[in-house]
2 protein chains.
Amino acid sequence: MKKSALEALPHWRVSIAKGRTIYIEGEPSSTLYRVERGCVRLLVDGTDGARQIISFQFPTQLFGYCLDTRNTSAEAVTDVELTAYPISAVIELGAQNQKAAFELLDTANAAVQRLAHHLQGVSHLPADARVMWFLERLSREPAVGDGRMPPTIRLPMTYGDVAAYLNLTPQTLSRVFRQLEDSQRIHRAGSRVFVVDALAPA
Amino acid sequence: MKKSALEALPHWRVSIAKGRTIYIEGEPSSTLYRVERGCVRLLVDGTDGARQIISFQFPTQLFGYCLDTRNTSAEAVTDVELTAYPISAVIELGAQNQKAAFELLDTANAAVQRLAHHLQGVSHLPADARVMWFLERLSREPAVGDGRMPPTIRLPMTYGDVAAYLNLTPQTLSRVFRQLEDSQRIHRAGSRVFVVDALAPA
DNA sequence: CGCGATTTTGACCCTATTCAAAGTCAGTGG
DNA sequence: CCACTGACTTTGAATAGGGTCAAAATCGCG
């Protein structure tokens with residue numbers, strides 16, 4: 001969805017500190033958010049206490065478009081700046097502006113598709129492939145990668161978060177990074193900073 | 001979404017034989033479907049060939065509400081009867097009827113939420129708990145369970161399908177069923193027919 | 001400099017997979 | 001009605017991949 005369409009709506013700026021909860025699954029939803037700076041994680045908690053991170057949201061991305069209640073929880077991975085739009089206003093926009101309604105619905109659709117493939121990958125890929133796949137997608141995130149090849153990636157989240165996203169433990173993740181280093185697929189350029197050599201230009 | 005709202009739209013009946021593909025991920029979408037009889041599976045294929053079943057659809061449920069392209073593939077698990085509605089008509093309905101638009105969007109939202117919890121469960125539950133969880137949800141499906149307690153469930157899909165949904169192998173699934181039988185949590189009442197004793201009334 | 005959070009390492013274990021083969025079922029045609 | 005066939009399910013033995021537990025090392029930050 002274009003920012004321009006939303007700009008006409010009432011909106012305000014929100015700053016949230018690292019680690020803070022933005023909303024919780026099941027609570028009534030009133031606002032749609034756009035990430036301006038930082039990184040947000042969407043997650044659900046299991047009855048057993050194990051949490052599953054569903055996705056990370058980066059600048060320019062929208063999240064929280066729920067009509068009735070929140071379908072996941074949202075937390076600030078880093079200090080974040082968000083723009084908040086009242087859901088009611090977004091709905092009105094949709095009623096008036098066919099194109100905007102389309103784009104919003106398409107956002108939801110794309111979310112299903114991404115989640116479906118995430119489930120597929122997390123279920124069928126070995127740990128190292130999962131991590132490479134994650135790095136590959138992160139490298140395309142302007143706020144994380146540097147756009148060059150091979151890309152340098154600065155992870156905004158902890159290993160714990162990455163592990164909860166890829167369905168691994170932090171220990172395994174650490175071992176996988178070492179193994180990727182040993183096999184020359186990545187190398188480290190600082191703490192949580194990786195150069196993905198395997199993505200070097202052909 | 002109420003059937004009544006859709007009934008005003010142009011629609012037609014479709015019969016599809018067991019195993020046939022209804023649509024494929026990525027192809028342009030033109031119709032929304034409602035299951036009238038039988039069972040449909042939604043799935044995505046991995047680059048490695050491993051397929052992940054995302055959900056099973058039963059009578060009265062809608063699927064295929066994609067604006068642009070299909071976000072998953074859909075296949076008939078059994079012979080199925082579907083009602084098809086042109087997406088364009090559904091969109092118009094949404095433009096005129098606020099309430100209908102709401103319900104459709106909520107459908108998409110609920111899909112994300114269900115998928116998220118499925119990912120959580122499949123990632124963190126041991127095999128036996130995953131299977132019990134699956135049976136428990138199936139028992140609430142009028143077309144599958146009998147509504148009584150303890151419920152009798154007739155699986156419309158093969159072990160292979162259940163396994164692809166729960167992220168197990170058919171072999172493991174078979175062993176889990178045996179183990180659940182041994183521990184008195186279920187017993188069999190025919191091929192693919194289970195009585196879930198663990199769900200007996202308190 | 002010191003603290004708490006995060007990351008790393010090691011040893012061991014466990015669950016589900018793999019591979020292989022036999023058994024069972026439903027539907028088909030004789 | 002029965003034999004046949006192909007798909008599905010079951011079983012067994014061996015294995016691997018990631019998890020667990022525990023502890024040490026490191027980092028970021030006040």
Side-chain angles (χ1 to χ4, degrees), chain A residues 17-20 41 46 48-53 75-79 121-132 134 154-183 186-194, chain B residues 17-20 39 41 46 48-53 75-79 121-134 154-183 186-194:
Chain A
K18 185 207 292 211
R20 279 286 163 61
R41 60 176 175 252
D48 52 350
R51 55 186 13 204
Q52 176 69 46
I53 294 184
E75 299 174 353
V77 170
T78 62
D79 291 348
V122 148
S123 299
H124 300 288
L125 259 36
D128 60 341
R130 256 180 269 180
V131 173
M132 286 305 292
F134 177 66
R154 158 132 241 303
L155 296 185
M157 70 292 281
T158 66
Y159 280 26
D161 279 345
V162 177
Y165 179 64
L166 296 179
N167 188 22
L168 298 169
T169 57
Q171 292 96 319
T172 300
L173 187 61
S174 170
R175 287 185 252 259
V176 167
F177 275 130
R178 159 166 298 281
Q179 172 195 330
L180 291 175
E181 238 183 329
D182 291 349
S183 59
I186 65 172
H187 70 264
R188 306 191 200 216
S191 110
R192 289 193 201 166
V193 180
F194 299 91
Chain B
K18 185 205 294 208
R20 278 285 163 63
C39 174
R41 59 176 177 252
D48 53 349
R51 55 185 15 203
Q52 177 69 45
I53 293 184
E75 299 174 354
V77 170
T78 61
D79 290 350
V122 148
S123 299
H124 300 288
L125 259 36
D128 60 341
R130 254 180 270 180
V131 173
M132 286 305 292
W133 175 50
F134 177 67
R154 157 131 242 305
L155 296 185
M157 70 293 280
T158 65
Y159 281 25
D161 278 345
V162 177
Y165 179 64
L166 296 179
N167 188 21
L168 298 170
T169 57
Q171 291 96 319
T172 299
L173 187 60
S174 170
R175 287 185 253 259
V176 168
F177 275 130
R178 158 166 300 281
Q179 172 195 331
L180 291 175
E181 239 183 330
D182 291 348
S183 59
I186 64 172
H187 69 264
R188 305 190 201 216
S191 117
R192 290 193 202 164
V193 180
F194 299 91

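Order of the sequence lines fixes the chain letters, A, B, ..., with proteins taken first and strands second; residue numbering starts at 1 for each chain.
Here A:R175 lies in heavy-atom contact (under 4.0 Å) with a base. Contacts of B:L173 with the nucleic acid, taken as non-hydrogen atoms under 4.0 Å apart, are absent. Contacts of B:T172 with the nucleic acid, taken as non-hydrogen atoms under 4.0 Å apart, include base atoms.
Between B:R192 and C:dA26 there is no side-chain polar atom (N or O) within less than 4.0 angstrom of OP1 or OP2. Taking 4.0 angstrom as the limit, B:T169 places a side-chain polar atom (N or O) nearer than this to OP1 or OP2 of C:dT17. Contact between the side-chain N/O atoms of B:Y159 and the OP1/OP2 oxygens of D:dT10 is found at a separation under 4.0 Å. Of the side-chain N and O atoms in B:S191, none sit less than 4.0 angstrom from OP1 or OP2 of C:dC25.
Between A:Q179 atom CD and C:dT9 atom C1' there is a gap of 15 Å when expressed in whole angstrom units. Straight-line distance from the CZ atom of B:R178 to the C1' atom of D:dT9: 11 Å, rounded to whole Å. Counting to the nearest Å, the C1' atom of D:dC29 and the CG atom of A:D79 are 13 Å from each other. Rounded to whole Å, atom P of C:dT17 lies 7 Å from atom CZ of B:R130. Per the geometry, CD belonging to A:Q171 stands 10 Å off C1' belonging to D:dA22, to the nearest Å. Spacing between atom CE of A:M157 and atom C1' of D:dC27 amounts to 18 Å, rounded to whole angstrom units. Look at CG on B:D161: it is 9 Å from P on D:dT9, rounded to the nearest Å. One can place CG of A:L125 at 10 Å from P of D:dG18, the figure rounded to the nearest angstrom.
Positionally, the nearest nucleotide of DNA chain D for B:T158 lies more toward the 5' end than for the other of A:N167 and B:T158.
For the pair A:T78/A:M157, no side-chain contact is recorded, criterion being any heavy-atom separation below 4.5 Å from C-beta on. Contact check for B:L166 versus B:V131: side-chain heavy atoms found under the 4.5 Å cut-off. Looking at A:D128 and A:Q179, their side chains come closer than 4.5 Å, going by heavy atoms from C-beta outward.
At distances below 3.5 Å, not a single donor-acceptor pair connects side-chain atoms of A:R41 with backbone N or O atoms of A:E75.
The OG atom of B:S123 sits 8.0 Å away from atom CZ of B:R130, with the distance rounded to the nearest 0.5 Å.
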